[in-house]
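Everything on this sheet refers to the single structure shown next.
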Amino acid sequence: MATLHNLGFPRIGVRRELKRALESYWAGLSTQEALEQAGRELRARHWAVQAASGAELVPVGDFAWYDHMLEWSATLGAVPVRFGQAAGAPVALDTVFRMARGSAPGGGPAAACEMTKWFDTNYHYLVPELHPGQQFRIARDTLFEQVGEAQALGHAAKPVIPGPLTWLWLGKGEAYRGAGDAGKLALLAALLPVYEEVLARLAGLGARWVQIDEPILALDLPAAWREAFAAVYERLAGAPVSILLATYFGALDDNLPVVRALPVAGLHVDLARAPEQLAAVAGGLRPGQVLSAGVIDGRNVWRADLDAWRARLAPYAATLGERLWLAPSCSLLHVPVDLSAEDQLDDELKSWLSFARQKLDELSLLARALELGEAADSVAGVADALAVQRRALRTRAESRRIHLPAVQSALREAGGLARGRPPFAQRSAAQQARLRLPAFPTTTIGSFPQTPEIRALRRDWRAGSLGDAAYEKAIRKEIADSIAFQERVGLDVLVHGEAERNDMVEYFGELLAGFAFTQNGWVQSYGSRCVKPPVLFGDIARPVPMTVGWTAYAQSLTDRPVKGMLTGPVTLLQWSFVRDDQPRSTTCRQLALALRGEALDLEAAGIGVIQIDEPALREGLPLRRAQWAGYLGWAVDSFRLCTTGVRDDTQIHTHMCYSEFNDIIESIAAMDADVITIETSRSNMELLGAFEDFRYPNDIGPGVYDIHSPNVPEVEGMVGLVRRAAARLPGGRLWVNPDCGLKTRAWPEAEAALLKMVAAARVLRQGR
Ligand code: GLN
Ligand code: ZN
């Protein structure tokens, strides 16, 4: 039978036990020993779950206190100087936490390492810091200890480590800015001996296989990096263990010839994302080489079509025999732990889903079915499980909850809707006549402080202990307070403050048809932080207006314009688990149509300014450049669909809270929002270069202060920032606004900062 294995299991625990243990330790409420114990328990439980579902090799090294890249940097002794690591001494757990968070119960504070998104996932890793002449050594023993732990529990351990090229590629350092990749690749000379030592130690512990992850093989790689693979793996192949080289998150494509030439004992490929590469990969295997087929989707929550996989894999099972391994496509880190922990989802919907535990069961069923061949459909235990699987897929395909004819015909008609509004100059004149805004108009990004009282309101209302009428009254009071506050501070375009929103996706998802919510479907985002992405399972409809009541109420309290606040279609898509039975572009257009209805309803209710947030636009970019244009095409089209049909004098804003635009500026301009507010305060206006080169034609609100910091900004600083922007942006008008929503701030900070911001706008208007 095909060998079953797993690339990695979610480390956080079904009840987020790791989160609790970490936060209690960080807060000084429990000891390091208690934390270590919690980690041991989680690892033991997770290995047991994997072994019970038939995994013959359990991953070790997928567990991390904060992040597996960080663990690996510590293991390699790559600790930046500012953390005061003593040469030769082991790297302490508190040092790992200081690298992650800047502080820990033991050891002084220091600037934390940078954190960024792991490929195209919502998981964040700590960026390795590299410097020329860097030395490496085995500086932490956790991996070896955990191998021992797994073995003591009776498991065959398969250590999992980041590959040297992926680790270097993802690293950064002063010295490498601009100098390019030669400097990074030069570090291999010092790095590889340590990898060899690690492999030798793992072999000494009795590990037969070591999984080395090189997900950069799913990226466009410069020639020097592609060439480096051969030298690196020829060298590592000399180690006394079998190496399984793991690639995931996409097709190998032009990197396939590189991979084919490597003398590794096994190769794992992602067939959920890139099923089409199966024949080419299998056809190029070296004699004796193992193919690990990543068939169960580690990035999404749907049950797999096992019949389809049986048919596709059967020829390879026949020819490869024991050399065919089965696995999820990537680590299961990116899906929730256990569907059986959900008792609020209805049975039908639940039958369509599969979380980490269930995915391993699917894998083992697939292995049994492949082994039995046609007989599988008559063997008890297998035949009925396959029938259950089939029934789930069929009811999903046929469900009337998923396929709403009205939505589909609306979408067909939308195909004929004009995308795009009259020229900006015409709109801008109409908007100015209606809104009568001063030069350098001031506004905020949407949310105001989410106080404990507001959270309690929402919680009590959800729990049913606060009735609808009382809840509505309380939220209205929050809105009235925030409108009065903004008038007092002197802002020009007001917002209602988003007190009713727990989360910018969840709020809309709960009001739209086609979304479902889990109770425990947590996925690690970074460290102890988890997100619970909604499940976008069906056609999207908007049974009721979602924001009109709150926004119109806010507008009724003031003569100044109130800005309606919507989450954009790409962001709703990007931060959910999305149905896989139709292209994402189709789902995105459905979301856009629903938002279009909302925008038109807001307009009809007298709202003259509408913001459609798209903070996730950039992170949706495919890993391969060749696919960018396709994605950006439908993403921009969806945004424009939201605004099609609004009047010329309705002003559309969008907001993106990041600062890398240079390579997608044309698409952002094509969205054609009347005003875009962006993050600039932390990047010191650097990014505005992109807007300058492109002469971004519409209005821009470069965030003038950093809302992530509790510090109150100074007037001069903000004035200077806007003046620098004005010098570089001869075209559109400039707005004055913070760089993101204020929900994480306290009221006194928000007030102090906004007063200074309004003062800065006054200085700018006077031209002093
Ligand atoms: N309107 C949202 C807010 O102010 C935007 C949040 C975001 O950019 N992520 O909170
Ligand atoms: Zn933002």
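We count ligands from 1, going down the list as the structure has it; atoms in each ligand are counted the same way. These numbers come from a predicted model, not from an experiment.
- In this structure, a donor-acceptor pair under 3.5 Å is absent between the side chains of T551 and H496.
- Listed by number with element, the atoms of ligand 1 under 4.0 Å from a non-hydrogen atom of C740 are 7 (C), 8 (O).
- Between Y123 and D67, the side chains place a donor N or O and an acceptor N or O closer than 3.5 Å (distance only, hydrogens not considered).
- When non-hydrogen atoms are compared, ligand 1 lies under 4.0 Å from the backbone of S447 as well as from its side chain.
- Remark: the backbone N or O of A670 is paired with a side-chain donor or acceptor of R640 at under 3.5 angstrom.
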W461 vs E500, test: side chain to side chain donor-acceptor pair (under 3.5 Å). Steps then yes/no. CA-CA 11 Å; W461 176 58; E500 78 288 6; over 6 Å; no

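- At a heavy-atom cutoff of 4.0 Å, ligand 1 is contacted by no atom of M656, backbone or side chain.
- Remark: at the Zn ion (ligand 2), atom NE2 from H655 and atom SG from C740 enclose 130°, rounded to the nearest 10 degrees.
- In this structure, the protein non-hydrogen atom closest to atom 9 (N) of ligand 1 is M504 SD, 3.5 Å.
- Donor-acceptor pairing under 3.5 Å is recorded for the side chains of T442 and D492.
- Of the N or O atoms in L742, none lie within a sub-3.5 Å distance of an N or O in ligand 1.
- Close approach of ligand 1 to G741 is summarised as follows: ligand atoms under 4.0 Å from at least one heavy atom of the residue are 3 (C), 4 (O), 10 (O).
- With hydrogens left out, the protein atom closest to atom 2 (C) of ligand 1 is D613 OD2, 3.4 Å, a heavy atom.
- Ion pair D539/R579 flagged as a salt bridge, since at least one NZ, NE, NH1 or NH2 atom sits closer than 4.0 Å to an Asp/Glu carboxylate oxygen.
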